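Have a look at the structure below before the remarks.
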Amino acid sequence: MPELPETETIARVLDRHVAGARVLGVEVARPGVLREADAAAFASGVSGATIARVWRRAKLVVLELDGGAKVIVQPRFTGALLLEGAGVAFPEAERRFVRLTLRLDGGRALHYRDIRALGTVALMSAARFAEYAAALGPEPLAADFTAAVLAGRLAGSRQAVKKVLMDQRRLAGVGNIYANEALWQARVAPQRPAASLTRAEHRRLRDALVDRMARSVALGGTTFENFLGPTGETGRFVHELRVYGRAGQPCATPGCGRPLAEDRTVDGRATVFCARCQK
DNA sequence: AGGGGAACCCGTACGC
DNA sequence: TGCGTACGGGTTCCCC
């Protein structure tokens with residue numbers, strides 16, 4: 001489930017491998033994954049272009065083409081960008097889930113693999129992407145993401161703080177895994193109204209978000225089920241998960257050990273927390 | 001504007 | 001063993 005750290009991992013690895021590569025052709029096996037362009041418009045807009053660089057915004061992989069147009073990949077749950085050729089072996093079991101392929105120079109290919117095919121690939125002009133990105137919230141790993149910025153994003157909402165953290169218009173890149181992990185580390189109950197947090201809690205939550213996501217980026221993200229980096233790497237942050245996927249196991253706070261609770265009262269999503277440590 | 005719900009998709013788990 | 005069904009999960013869009 002690529003959230004900010006997994007998407008950042010994808011973008012970094014891809015940038016290292018395909019910045020400067022020329023797209024020789026495009027194969028669209030599943031037109032349904034495309035957004036903002038049909039298969040013909042996508043192929044004609046991308047074929048012949050050079051990939052200038054690859055970067056991340058929110059949970060989006062941005063393949064920036066020379067000329068300014070951008071291929072925007074939103075992997076959702078089971079999407080991945082997998083390289084093949086020039087010494088990179090493609091995992092053959094994934095072949096049947098390839099939905100779109102960019103043929104690159106040097107005999108290489110960049111495949112969009114998506115098992116459930118709920119992820120999307122869009123072709124946007126520079127202006128269209130600027131408009132789209134402007135609606136997204138601030139980047140939590142940016143140097144100017146302070147406790148005061150977080151407080152501003154949470155202000156005025158009676159919604160559960162966890163739901164607001166995951167709202168991409170409020171804050172970019174946070175999904176279910178890192179919302180659960182950061183709230184536990186900050187000792188804030190996920191069900192609390194967003195506007196009810198104190199200044200001390202804003203500081204703790206800001207620090208926890210930055211700490212957990214930066215640590216995960218350093219470890220190549222979290223592989224829970226289907227996440228793979230572009231050359232098949234799995235994310236090692238999975239070993240640092242303290243609440244996500246651990247309902248019923250003891251809370252890791254020293255001296256606590258209370259079984260972690262799970263409910264779906266926040267936006268119908270699996271929420272795991274310690275009813276003793278998180279207030 | 002804010003909030004609620006449906007649609008998108010298919011592997012996996014589970015019941016019979 | 002095989003078939004049918006429920007489920008999950010982020011984002012978008014539609015409606016109230």
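As the structure is a computational prediction, the values presented were derived from the model and not from experiment. Letters A, B, ... mirror the listed sequences (proteins, then strands); counts begin at 1.
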Rounded off to whole Å, could you give me the CZ-to-C1' distance for the A:Phe77 and C:dT12 pair?
-> 12 Å
Between A:Tyr112 and A:Asp114, do the side chains contain an N or O donor and an N or O acceptor separated by less than 3.5 Å?
-> yes
In whole angstrom, what separates A:Arg116's CZ from C:dG8's P?
-> 11 Å
Indicate, with a heavy-atom threshold strictly under 4.0 Å, whether A:Arg169 touches base, sugar-phosphate, or nothing.
-> nothing
Smallest heavy-atom separation, A:Gly156 atom then A:Ala195 atom, equals N-CB, 3.8 Å
Of all residues at least two apart in sequence or in a different chain, which pass the side chain to side chain donor-acceptor pair (under 3.5 Å) check with A:Asp167?
-> A:Arg169
Report which part of the nucleic acid A:Arg158 touches: base, sugar-phosphate, or nothing (heavy-atom distance under 4.0 Å, all strands).
-> nothing
For A:Glu131, the salt bridge (Lys or Arg N to Asp or Glu O under 4.0 Å) test, sequence neighbours excluded, returns A:Arg128
For the pair made of CZ in A:Arg35 and P in C:dC13, what is the distance, rounded to whole Å?
-> 9 Å
Measure the distance from NZ on A:Lys163 to P on C:dG9 and round it to the nearest whole Å.
-> 15 Å
Can you give the first and last nucleotides of DNA chain B, 5' to 3', that have an atom under 4.0 Å from a heavy atom of chain A?
-> B:dG3 to B:dG11
Think A:Tyr132 has a side-chain N or O under 4.0 angstrom from the OP1 or OP2 of C:dT12?
-> yes
Checking all strands, does A:Asn176 fall into the base, sugar-phosphate, or nothing category for heavy-atom contacts under 4.0 angstrom?
-> sugar-phosphate
Name all residues meeting the side chain to side chain donor-acceptor pair (under 3.5 Å) criterion together with A:Glu8; count only those two or more places apart in sequence or in a different chain, and write none if there are none.
-> A:Arg12, A:Arg56
Donor-acceptor contact present, side-chain A:Arg199 to main-chain A:Ala148, <3.5 Å | no
Protein-nucleotide distance (A:Leu171, atom CG; C:dT11, atom P), rounded to Å | 12 Å
Whole-Å distance separating the CG atom of A:Leu165 from the C1' atom of C:dT11 | 17 Å
Would you work out how much the helix from B:dG2-C:dC16 to B:dC16-C:dG2 bends between its ends, with each end axis defined by five base pairs, to 10 degrees?
-> 40°
Do A:Tyr178 and A:Glu6 get their side chains close enough for a donor-acceptor pair, meaning under 3.5 Å?
-> yes
Once you round it to whole Å, what is the distance between P of C:dG9 and CG of A:Asp267?
-> 12 Å
Nearest-Å distance for atom pair CD/C1', residues A:Glu262 and C:dG9 | 13 Å
Pair A:Gln278, A:Trp184: side-chain N/O donor-acceptor within cut-off below 3.5 Å = no
Who passes salt bridge (Lys or Arg N to Asp or Glu O under 4.0 Å) against A:Asp211, sequence neighbours left out?
-> none
